[in-house]
Chemist: 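Below you will find the structure I want to go over with you.
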Amino acid sequence: MILVFKSGIDESALQNAVATLGSMGLDCQMLDIHEGVMLAVTSDTRSLPNHVFGQLPGVEKVIRIGNRFPLSESASPEPFSFPELNKRLFEPGVPVVIAGPCSVESQGQITRLALQVKQAGASMLRGGAFKPRTSPYDFAGLGKEALEYLKNASAESGLPVVSEVMSAEHVQLAEPFVDVFQIGTRNMYNYELLKEVGRTQKPVLLKRAMSATIDEFLQAAEYIIMSGNNRVILCERGIRTFETRTRNTLDLACVAVLKTLTQLPVIVDPSHGTGKRELVEPMSRAAIACGADGLIIETHDDPSNSISDSGQAITPETLARIVEIAKAIASLLKTSAENSRSDFVNRCPESRSAVG
Ligand code: PEP
Ligand code: MN
């Protein structure tokens with residue numbers, strides 16, 4: 001960390017700052033350069049907030065040199081395995097497709113859909129029990145009853161389930177029934193909720209807030225990992241822009257950027273990202289092509305009669321096509337990455353041991 005001092009700072013103020021840092025157990029080194037005076041704090045300052053330094057008399061600016069997302073960057077999460085269901089997800093080169101209705105509507109509906117999406121090649125079931133609705137007059141989900149239906153559908157199909165939680169109370173209620181907690185777009189900034197799911201042992205599917213920058217998105221992931229849970233799945237689900245032809249603007253560049261910043265799996269939600277069923281298939285293809293590790297897709301066996309988000313639901317038949325194409329694209333990308341890697345090793349034999 002670098003502390004930049006106001007110009008004309010006198011020697012005694014500088015010595016005071018050095019002494020204060022010393023009393024905090026921090027080592028530092030004076031940098032007397034042409035433009036002014038700076039202190040390089042050479043100890044680890046990651047756990048100390050910026051104001052601790054910014055409030056030292058004479059300090060003008062605090063510059064952090066290190067990564068702002070230390071946990072998300074270095075987290076190589078525990079395997080996403082679900083031993084009870086004998087399932088392991090996010091293996092390299094195999095796209096994970098999560099599918100199911102926006103809302104759980106009945107036991108019959110969710111069990112039927114679980115079997116249909118499994119048949120179509122999905123590897124996880126989704127379904128909302130607690131629905132965050134923009135209008136308080138819209139269907140808000142069946143709550144606890146839906147969690148029980150999801151658990152039964154999981155037992156019947158062998159698919160793990162993901163469902164959204166909106167409060168600490170929901171986390172406690174849902175824990176025995178779901179395999180993955182979903183944090184929706186409206187709650188990405190709910191830091192107490194992030195800490196709460198971070199204290200559990202279940203993976204967390206974290207959706208990007210509709211107005212969040214990529215940095216804010218990763219900072220939200222930091223909260224979860226910092227609380228003890230590194231199994232975070234990042235989900236791009238579209239952001240708010242001036243465009244009105246689509247429900248949101250699906251920011252696929254975010255996927256490619258995240259891939260340079262973190263090893264956490266990144267998935268895409270083309271359903272909320274577009275709001276239109278006819279756009280789900282092309283954007284699913286694009287998502288896998290730009291490096292996403294998976295997709296979460298709202299699927300219904302009677303899409304136009306889906307209680308919520310009917311305009312974006314696709315049928316299990318369309319889902320089957322998407323799964324097939326997603327697998328083909330992912331395998332093409334894997335082969336091409338392997339080829340360019342071996343090509344590189346052939347051209348530069350000395351790199352063999354470095355590349356491994
Ligand atoms: C959902 O997945 O049903 C949902 C409400 O998503 P989002 O939080 O992205 O709007
Ligand atoms: Mn929905």
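Below, all heavy atoms of this structure are taken into account, side chains as well, without hydrogens, waters or symmetry copies. In this text the structure is predicted, and so the values were computed from the model without any measurement. Atoms within a ligand are numbered from 1 in the order they appear, just like the ligands themselves.
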Chemist: Can you list the ligand 1 atoms lying under 4.0 Å from a non-hydrogen atom of Gly184?
Modeler: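 Heavy-atom distances to Gly184 below 4.0 Å select 8 (O).
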Chemist: Would you please name every residue forming a salt bridge (charged side-chain N to carboxylate O under 4.0 Å, His left out) with Arg126, sequence neighbours left out?
Modeler: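 Arg126: salt bridge (charged side-chain N to carboxylate O under 4.0 Å, His left out) contacts with Glu298.
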Chemist: Report the nearest protein non-hydrogen atom to atom 1 (C) of ligand 1: residue, atom name, distance rounded to 0.1 Å.
Modeler: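 Result: His272 CE1, 3.2 Å.
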Chemist: Any idea which atoms of ligand 1 are less than 4.0 Å away from a heavy-atom of Lys207?
Modeler: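 Atoms satisfying the 4.0 Å criterion: 1 (C), 2 (O), 4 (C), 6 (O), 7 (P), 8 (O), 9 (O).
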Chemist: I'd like to know whether ligand 1 has Gln182 as a neighbour, heavy-atom separation below 4.0 Å.
Modeler: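 It does; at least one heavy atom falls under 4.0 Å.
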Chemist: Taking distance alone, with N or O pairs closer than 3.5 Å, would you say Arg126 contacts ligand 1?
Modeler: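 Right, the criterion is met.
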Chemist: Between ligand 1 and Asp309, is the shortest N or O to N or O distance under 3.5 Å?
Modeler: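 No.
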Chemist: Give yes or no for whether the N/O distance cutoff of 3.5 Å, strictly under, is met between Glu164 and ligand 1.
Modeler: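 Glu164 vs ligand 1: no N/O contact under 3.5 Å.
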Chemist: How does Met210 reach ligand 1, if at all, at less than 4.0 Å between non-hydrogen atoms: by side chain, backbone, both, or neither?
Modeler: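 Neither; no heavy atom under 4.0 Å.
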Chemist: Between the side chains of Ser72 and Thr262, is a donor N or O closer than 3.5 angstrom to an acceptor N or O?
Modeler: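 Their side chains do not contain a donor-acceptor pair, so the 3.5 Å distance test is not met.
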Chemist: Glu169: which residues meet the salt bridge (charged side-chain N to carboxylate O under 4.0 Å, His left out) condition with it, sequence neighbours left out?
Modeler: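 Expected list: none.
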Chemist: Give the name of the N/O/S atom in Asp309 that lies closest to the Mn ion (ligand 2).
Modeler: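 Looking only at N, O and S atoms of Asp309, the one nearest the Mn ion (ligand 2) is named OD2.
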Chemist: Any chance the side chains of Glu196 and Gln172 put a donor and an acceptor closer than 3.5 Å?
Modeler: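 Their side chains do contain a donor-acceptor pair, which is all the 3.5 Å distance test asks for.
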Chemist: So, Asn152 and Gln107: side-chain donor and acceptor under 3.5 Å apart, yes or no?
Modeler: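 A pair is found: one side chain offers a donor N or O, the other an acceptor, under 3.5 Å apart.
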Chemist: Strictly by modelled atom types, are Ser308 and Ser103 linked by a side-chain donor-acceptor pair under 3.5 Å?
Modeler: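 Their side chains do contain a donor-acceptor pair, which is all the 3.5 Å distance test asks for.
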Chemist: Considering only non-hydrogen protein atoms, determine which one is nearest to atom 8 (O) of ligand 1 and report residue, atom name and distance to 0.1 Å.
Modeler: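 Among all protein heavy atoms, the one nearest atom 8 (O) of ligand 1 is Thr185 N, 2.8 Å.
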Chemist: List the steps, then state whether side-chain contact (heavy atoms from CB on, under 4.5 Å) holds for Asn229 with Arg199.
Modeler: CA-CA 6 Å; Asn229 186 351; Arg199 286 189 282 263; over 6 Å; no
Chemist: Under 4.0 Å from a heavy atom of Arg186: give me the atoms of ligand 1 that qualify, with their elements.
Modeler: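 Going through ligand 1 atom by atom, the ones under 4.0 Å from Arg186 are 10 (O).
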Chemist: Between Thr20 and Ser23, is there a side-chain donor-acceptor contact under 3.5 Å, judged purely by atom types and distance?
Modeler: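 There is no such pair (donor and acceptor under 3.5 Å, judged by atom type) between the side chains of Ser23 and Thr20.
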Chemist: Do the side-chain N and O atoms of Tyr189 and Glu216 include a donor-acceptor pair separated by under 3.5 angstrom?
Modeler: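 Yes, side-chain donor-acceptor contact under 3.5 Å.
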Chemist: Show the atoms of ligand 1 that are less than 4.0 angstrom away from any heavy atom in Arg237.
Modeler: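 It comes down to these atoms of ligand 1: 7 (P), 9 (O), 10 (O).
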Chemist: With a 3.5 Å cut-off and no angle check, do the side chains of Arg186 and Thr134 form a donor-acceptor pair?
Modeler: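 Per modelled atom types, Arg186 and Thr134 side chains form a pair under 3.5 Å.
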Chemist: Which of the atoms of ligand 1 are close to Glu298, meaning less than 4.0 Å from one of its heavy atoms?
Modeler: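 Those of ligand 1 that fall under 4.0 Å from Glu298 are 1 (C), 3 (O).
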Chemist: Give a rough value, rounded to 10 degrees, for the angle at the Mn ion (ligand 2) between atoms SG of Cys102 and NE2 of His272.
Modeler: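 SG of Cys102 and NE2 of His272 make an angle of 170° at the Mn ion (ligand 2), to the nearest 10°.
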Chemist: By atom name, which N, O or S atom belonging to Glu298 lies closest to the Mn ion (ligand 2)?
Modeler: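 Glu298's closest N, O or S atom to the Mn ion (ligand 2) is named OE2.
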